[in-house]
**Q** 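Here it is, the structure, as structure tokens.
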Amino acid sequence: MADERLKALKEKTRYESAEVERRLFAEWIDGGYFHPKAEGTAADNFSVAIPPPNVTGVLHMGHALNGSMQDALVRMNRMRGRNTLWTLGTDHAGIATQAVVEKMLGEEGISRQEIGREAFVERVWAWKEEYGSQIVEQYKRLGASLDYEGERFTLDEGYVRAVYRVFKQLYDKGYIYRDNYMVNWDPGSHSAISDLEVVNREVEDTLYSIDYPVEGSDRVLTVATVRPETMLADTAVAVNPGDERYADLIGQHCILPLVGRRLPIIADEHVDPEFGTGALKITPGHDPNDFEIGRRHGLEEIGVIGPDGRMNEEAGKRFTGLAAAEAQEAVVSALRGEGSLRAEEPYVHSVPFSERSGARIEPLISLQWFCRMDELAKPAIEVVERDEVRITPPQWKRVYLDWMREIRPWCVSRQLWWGHRIPVWYCDPCEETYVAEEAPERCGACGGELRQEEDVLDTWFSSALWPFATLGWPEGTPELRAFYPTSFLTTAREILFLWVARMVMTGIEFAGDVPFRDVYVHSVIQARDGRRMSKSLGTGIDPLEEIDEHGADALRFGLLAMSSTQDVRFSDAKVQQGADLANKLWNASRLILLNVAEVDAAPRPVGIEDRWLLSRLEATIASVTAKLEEYDFAHAAQEAYAFLWSELCDWYLEIVKPRLYEGEAEVSATLLWALERLLALLHPIMPFVTEEIWSYHPSRQGHLAVHAFPEPDESLRDAGAEAEVRAGIELTGRLRAWRDLVEAPAATVLPARAEGIEPQEFVGRLARFEFGDDGGDPVAAVGPVKILASAEIDAEAVAARLEARRKELRSEVDRAEGKLGNEKFVDRAPAGVVAEEREKLERYRAELEELSE
RNA sequence: GGGCGCGUAGCUCAGUGGGAGAGCGCUCGCCUCACACGCGAGAGGUCGCUGGUUCGAACCCAGCCGCGCCCACCA
């Protein structure tokens, strides 16, 4: 049977990813390799919690990059024999999921209000059961070694318990409170959203200047606004306390046009006297700054725009019921009619939009639940300051700290139906409020019926608990003991505040330790043209298409190789390089596996090239491993590539082919050993092709996915062999270049004589020179090699080549002489640098002298 | 307004004090019994600009030009 497979292998001159990936993945799953036992402690084990994708999500390039990075480290540590868990799960994604299901209902002509909350939530669950695992299947395509048996969801029964426990404890500590406060109202999702979910965009609006007459005077205060409809809610006009123009008016009143309300003229530092007229209308109900000013001065807070984006009765009869935009037109034309409109001019400014729905944010005051963050932030700041949570690259440490030090209360309630319904119950008759992990039966005070809070929690409230809630917290589960804290987190920087900072805070507060020791902030892969990859721009590149076309290994290699500390454009060439590498590895392995003698894989160096190869292999293992451990994926991938392609394939395999074909036992043993170690080293980066090749390896016991990861063996390092073979390689290169330059026919073997030293055997063979002891005059010299006359080479070309080389050498000699003639260089440069320069000079002079004979 | 980062070969990117690198593309030569998704050899760069520090600068410092991202309450 084994012979049959090898026979088939002989015919397969190309690695076909599509033929092997699904099969191998199924084998890994069948082996149960990705589902660890909950044993031991986190100090010995290795664990990672995947940033949970939205349950509505499809795999995008960011997931693919982040997944490739995590899987590389997870696989490496699993192979090292550590009990390894990579937790899988999805996020219920309140707004996004609710929107998807609402849209589906809309297509059936149903609104969620028609069917009611309970039925709607059931529909969402049904949707989740049917479509929610899409992205999970896509992670399998990438080869991600997640624990598919232990998939979690942020609305799991156990997870809800964790969320309620946290809410309750924060409430008991006094951190969570309910307040009427200015929030970012998202008319698109009909909910409040947090500051972090708001994006500012430049918008061209009209800036209207409006005259507010001063009471009992013929003076007017001219104020400017881009939202004239909000004037209906004005409750003051403010000027800067140092502004002499208005000093006498402070304490007086002006009259609000259209409404007639008396507005106190107040002084507040916030007002910039340089802007416009230096008078600012104050609308505490609809502007975040004005809200602050209003609270400072105890102003009335009037709301004229409701959550539906329409004017309410506070706006006055003529405007009630109008949409804000309609109201704006109506207000402007009314002002124009009464002559209060002083000016209109185009005005570009930045305006908040909802990142979720895209709608323009309507700032308004509403009754919401908030969480004070300052106390939670303190220890989360300290652990980062002390590098107990290390952030890489280091510039993000400061970004994190700056934000944390300025942290503000978090609006945690959302006016949605899909999510964690806030665990608060109200008793209407006696106005009692109950916060509990489980619904209380009745009001303890009056025995009346209780009504649960309608709002749900911000999705990020539950995501913040991800690293420990997925492990069973608040129960002291074996999973929690075995896998918390997790080992590291890799993430996009856009969720550093939204998610990472909050996990650090909740981890310390509730799980008693930081959630991870390392945070790696990866770069952003942009579209090919440098724009953001985004669905709406149509600039996205589908990782699944890349996998279909080039294979998962190619995409993984490509993404790791193109990743960097700075943002980079998606590189098709890097993915192709990955595909080429898989193919190269496949064919190099075929050469080895189909030609080796029956021996054990063991290092059995008999020639200097064997010692060279083993030394280079160990150096590569040490370097690639170190790079992976420091999250330098790009260099890890490229160093592995360089070793495999250049050192192993271009040189070693070419050098030892004759020995291999003769069936030499020693070289077979060495090759099998090197292949085994190389496959294991590459497996975390390219799991499929390495596993597939491993299945043909005579040493195979089980799957490569659980094979030992190579520890660099220092005893195999051999500086002498490295230097000698490097010299032979260099000589071979120079001889080949010489041949090309004199246009020697490719297949012809040219006569030559070596003087002084004996070149290694491979030099002549690979450069196609025959070394003899013919004593005739050489036509040229390449290092220690004298090239003899032969019919195939053109004397003129040789002469030209000789002259070119002499010219090259003269310029080198000049350069070195100039440097060494500089007293300051000789005096001040380190001795080693000077000595090196002297050696070079001698070498060049010697060669020049030789060629000038 | 504050902060971070980038500008290196035609393209995409490495390189952070001692002679400019990779992949792709390009040119020339090879179907050499693992691989033409291959092999061999090349061409190609005033390292954005200007000054400074240094024996020596792509790299350190200052300024300028261009580009990107993040944070921030100028109506």
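Atoms considered below: every heavy atom in the structure, side chains included; atoms not considered: hydrogens, waters and symmetry mates. Naming convention: chains lettered A, B, ... in sequence-line order (proteins, then strands); numbering from 1 in each chain.
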**Q** Within this structure, what is the CG-CG distance for the pair Asp740(A) and Leu735(A), rounded to the nearest 0.5 Å?
**A**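 That separation rounds to 12.0 Å.
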**Q** Please state how far atom CZ in Arg531(A) lies from atom P in rC67(B), giving the value in whole angstrom units.
**A**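 After rounding, the gap between these two atoms is 17 Å.
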**Q** Select base, sugar-phosphate, or nothing to describe what Pro745(A) touches, counting heavy atoms under 4.0 Å on all strands.
**A**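 If one applies the 4.0 Å heavy-atom cut-off, Pro745(A) turns out to touch nothing in the nucleic acid.
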**Q** Applying a 4.0 Å non-hydrogen cut-off, can you work out what Arg768(A) is touching in the nucleic acid: base, sugar-phosphate, or nothing?
**A**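 Base, at least one base atom sits under 4.0 Å.
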**Q** Run the numbers on Arg734(A) and Glu847(A) for salt bridge (charged side-chain N to carboxylate O under 4.0 Å, His left out), then give the verdict.
**A** CA-CA 14 Å; Arg734(A) 287 175 60 191; Glu847(A) 192 185 339; 3.3 Å; yes
**Q** His635(A) side chain: which of rG42(B), rG15(B), rG18(B) is closest?
**A**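 Among the listed nucleotides, the one closest to the side chain of His635(A) is rG15(B).
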**Q** Applying the ring pair (Phe, Tyr, Trp, His ring centres under 6.0 Å) test to Phe497(A), which of Tyr400(A), Trp403(A), Trp396(A), Trp410(A) qualifies?
**A**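 Of the listed residues Tyr400(A), Trp403(A), Trp396(A), Trp410(A), the ring pair (Phe, Tyr, Trp, His ring centres under 6.0 Å) partner of Phe497(A) is Trp403(A).
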**Q** Looking only at atom types and distance, does a side-chain atom of His270(A) sit under 3.5 Å from a main-chain N or O of Asn289(A), one as donor and one as acceptor?
**A**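 No, the answer is negative, given that no donor and acceptor are paired below the 3.5 Å cut-off.
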**Q** Return the nearest nucleotide to the side chain of Arg736(A); candidates are rG23(B), rA41(B), rA14(B).
**A**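 In terms of side-chain proximity for Arg736(A), the closest of rG23(B), rA41(B), rA14(B) is rA41(B).
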**Q** Nearest whole angstrom, please: distance from the C1' of rA41(B) to the CZ of Arg801(A).
**A**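 Taking atom C1' of rA41(B) as the reference, CZ of Arg801(A) is at 11 Å.
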**Q** Given that both distances must come in under 3.5 Å, which nucleotide forms a Watson-Crick or G-U wobble pair with rA62(B)?
**A**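 rA62(B) is paired, partner rU50(B).
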**Q** Searching all strands shown, indicate the nucleotide that pairs with rC35(B) (Watson-Crick or G-U wobble; both distances under 3.5 Å).
**A**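 In the structure as shown, rC35(B) has no Watson-Crick or wobble partner.
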**Q** Name the nucleic acid region contacted by Asp580(A), choosing base, sugar-phosphate or nothing; use a 4.0 angstrom heavy-atom cut-off, strictly under.
**A**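 If one applies the 4.0 Å heavy-atom cut-off, Asp580(A) turns out to touch a base.
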**Q** With P as the reference atom in both, quote the distance from rC13(B) to rG48(B) in angstrom, rounded to an integer.
**A**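 So the two P atoms sit 15 Å from each other.
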**Q** Of Glu664(A), Glu761(A), Glu654(A), which meets salt bridge (charged side-chain N to carboxylate O under 4.0 Å, His left out) against Arg659(A)?
**A**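 Result: among Glu664(A), Glu761(A), Glu654(A), Glu664(A) is the only option passing the salt bridge (charged side-chain N to carboxylate O under 4.0 Å, His left out) with Arg659(A).
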**Q** Output the single nucleotide from rG18(B), rG38(B), rG42(B) whose closest atom is nearest the side chain of Trp645(A).
**A**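 For Trp645(A), the side-chain atoms sit closest to rG38(B).
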**Q** Quote, to the nearest angstrom, the P distance that separates rG5(B) from rU16(B).
**A**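 These two P atoms come out 15 Å apart once rounded.
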**Q** Are OP1 or OP2 of rA14(B) and a side-chain N or O of Ser564(A) less than 4.0 angstrom apart?
**A**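 Yes, Ser564(A) has a side-chain N/O under 4.0 Å of OP1/OP2 on rA14(B).
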**Q** Is Arg296(A) salt-bridged to Glu269(A), going by a charged N under 4.0 Å from an acidic O?
**A**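 The answer is no: the pair does not qualify as a salt bridge.
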**Q** Determine the interatomic distance between P on rG40(B) and the same-named atom on rU54(B); round to the nearest Å.
**A**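 Straight-line distance between the two P atoms is 47 Å.
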**Q** Any idea which of rG18(B), rG38(B), rC35(B) is nearest the Phe825(A) side chain?
**A**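 For Phe825(A), the side-chain atoms sit closest to rG18(B).
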**Q** From the list rA41(B), rC35(B), rC39(B), which nucleotide is the closest neighbour of the side chain of Asp650(A)?
**A**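 Selected nucleotide (nearest to the side chain): rC39(B).
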**Q** Using the C1' atom as the point on both nucleotides, what is the distance between rC59(B) and rC73(B), in whole Å?
**A**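 Straight-line distance between the two C1' atoms is 41 Å.
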**Q** Just checking, any donor-acceptor pair under 3.5 angstrom between side chains of Glu792(A) and Thr748(A)?
**A**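 Side chains of Glu792(A) and Thr748(A): no pair found under 3.5 Å.
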**Q** Specify the separation, in whole Å, of atom CZ of Arg590(A) and atom C1' of rG38(B).
**A**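 Answer to the nearest Å: 12 Å.
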**Q** Counting only side-chain N and O atoms of Lys840(A), is one of them less than 4.0 Å from OP1 or OP2 of rG18(B)?
**A**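 Negative; the distance criterion is not met.
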**Q** Please produce a list of atom pairs where a protein N or O lies less than 3.5 Å from an N or O of nucleotides 69-75 of chain B.
**A**
| residue | atom | partner | partner atom | Å |
| --- | --- | --- | --- | --- |
| rC73(B) | O4' | Asn289(A) | OD1 | 3.0 |
| rC73(B) | O2' | Asn289(A) | ND2 | 2.4 |
| rC73(B) | N1 | Asn289(A) | OD1 | 2.8 |
| rC73(B) | O2 | His270(A) | NE2 | 2.8 |
| rC73(B) | O2 | Asn289(A) | OD1 | 3.1 |
| rC74(B) | O2 | Asp272(A) | OD2 | 3.0 |
| rA75(B) | OP2 | Tyr347(A) | OH | 2.9 |
| rA75(B) | O2' | Ala224(A) | O | 2.3 |
| rA75(B) | N6 | Asp272(A) | O | 2.7 |
| rA75(B) | N6 | Phe275(A) | O | 2.9 |
| rA75(B) | N1 | Asp272(A) | N | 3.3 |

**Q** What nucleic acid atoms does Glu654(A) come within less than 4.0 Å of, heavy atoms only: base, sugar-phosphate, or nothing?
**A**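 Contact class for Glu654(A): base.
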**Q** Of the nucleotides rC35(B), rG23(B), rG38(B), which has the atom closest to the Tyr641(A) side chain?
**A**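 Comparing rC35(B), rG23(B), rG38(B) against the side chain of Tyr641(A), the answer is rG23(B).
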**Q** Rounded to whole Å, please give me the gap between NZ in Lys574(A) and P in rG25(B).
**A**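 Rounding to the nearest Å, NZ of Lys574(A) and P of rG25(B) are 12 Å apart.
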**Q** Choose from rC28(B), rU32(B), rG18(B) the nucleotide whose nearest atom is closest to any side-chain atom of Asp740(A).
**A**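 So the side chain of Asp740(A) is nearest to rC28(B).
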**Q** Could you tell me the Watson-Crick or G-U partner of rU16(B), where both distances fall under 3.5 Å? Say none if there is no partner.
**A**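 Answer to the pairing question: none, since rU16(B) forms no Watson-Crick or G-U pair.
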**Q** Base, sugar-phosphate alone, or nothing: which one does Val568(A) contact when heavy atoms must sit under 4.0 Å apart?
**A**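 Sugar-phosphate only.
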**Q** With heavy atoms under 4.0 Å as the rule, sort Ala737(A) into base, sugar-phosphate or nothing.
**A**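 Since only primed, P, OP1 and OP2 atoms lie under 4.0 Å of Ala737(A), the category is sugar-phosphate.
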**Q** Considering every strand shown, what is the Watson-Crick or G-U wobble mate of rA43(B) when both distances are under 3.5 Å?
**A**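 Looking at the geometry, rA43(B) pairs with no nucleotide.
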**Q** Hey, which of these two, Ser571(A) or Tyr15(A), hits RNA chain B nearer its 5' end, going by closest nucleotide?
**A**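 Looking at the nearest nucleotide for each, Ser571(A) comes out on the 5' side.
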**Q** In whole angstrom, what separates Met562(A)'s CE from rC11(B)'s P?
**A**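 It works out to 19 Å between those atoms.
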**Q** For rG68(B) versus rG10(B), give the span between their C1' atoms, rounded off to a whole number of Å.
**A**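 Approximately 23 Å lies between the C1' atom of rG68(B) and that of rG10(B).
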**Q** Once you apply a heavy-atom cut-off of 4.0 Å, does Gln577(A) come out as touching a base, just sugar-phosphate, or nothing?
**A**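 Gln577(A): backbone/sugar contact only, no base atoms under 4.0 Å.
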**Q** Could you walk me through whether Thr539(A) and Gln526(A) pass the side chain to side chain contact (heavy atoms under 4.5 Å, CB included) check?
**A** CA-CA 9 Å; Thr539(A) 49; Gln526(A) 302 163 330; over 6 Å; no
**Q** Output yes when Arg493(A) and Asp567(A) qualify as a salt bridge under the 4.0 Å nitrogen-oxygen rule, no when they do not.
**A**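 Answer for the salt bridge query: yes.
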**Q** What's the gap between rG15(B) and rU50(B) when it is taken at their C1' atoms, as a whole Å value?
**A**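 Rounded to whole Å, the distance is 24 Å.
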**Q** Between Glu229(A) and Val331(A), is there a donor-acceptor pair closer than 3.5 Å when you use the side chain of the first and the backbone of the second?
**A**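 Flag not set: sc Glu229(A) to bb Val331(A) has no pair under 3.5 Å.
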**Q** Let me know the distance between CG of Leu653(A) and P of rC33(B), rounded to the nearest Å.
**A**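 It is 15 Å, rounded to the nearest whole Å.
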**Q** Could you please name the partner base of rC69(B), counting Watson-Crick and G-U wobble pairs only when both distances are under 3.5 Å?
**A**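 By the stated definition (distances under 3.5 Å), rG3(B) pairs with rC69(B).
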**Q** Within the pair Gln526(A) and rG68(B), is there a side-chain N or O less than 4.0 Å away from OP1 or OP2?
**A**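 No.
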**Q** Rounded to the nearest angstrom, tell me the gap between atom CZ in Phe762(A) and atom P in rG40(B).
**A**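 Interatomic distance, CZ of Phe762(A) to P of rG40(B): 13 Å.
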**Q** Could you measure between the two C1' atoms, the one in rU46(B) and the one in rA20(B), and give it in whole Å?
**A**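 One C1' to the other, the span is 13 Å.
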**Q** Starting from C1' on rG42(B), measure out to CD on Glu743(A) and report it in whole angstrom.
**A**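 Between C1' of rG42(B) and CD of Glu743(A): 13 Å.
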**Q** Taking atom C1' in both rC6(B) and rA58(B), compute the distance separating them and give it to the nearest angstrom.
**A**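 Result for the C1' pair: 14 Å, nearest Å.
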**Q** Answer yes or no: is there a side-chain heavy-atom contact under 4.5 Å between Leu648(A) and Lys584(A)?
**A**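 Of all side-chain heavy-atom pairs linking Lys584(A) with Leu648(A), none is under 4.5 Å.
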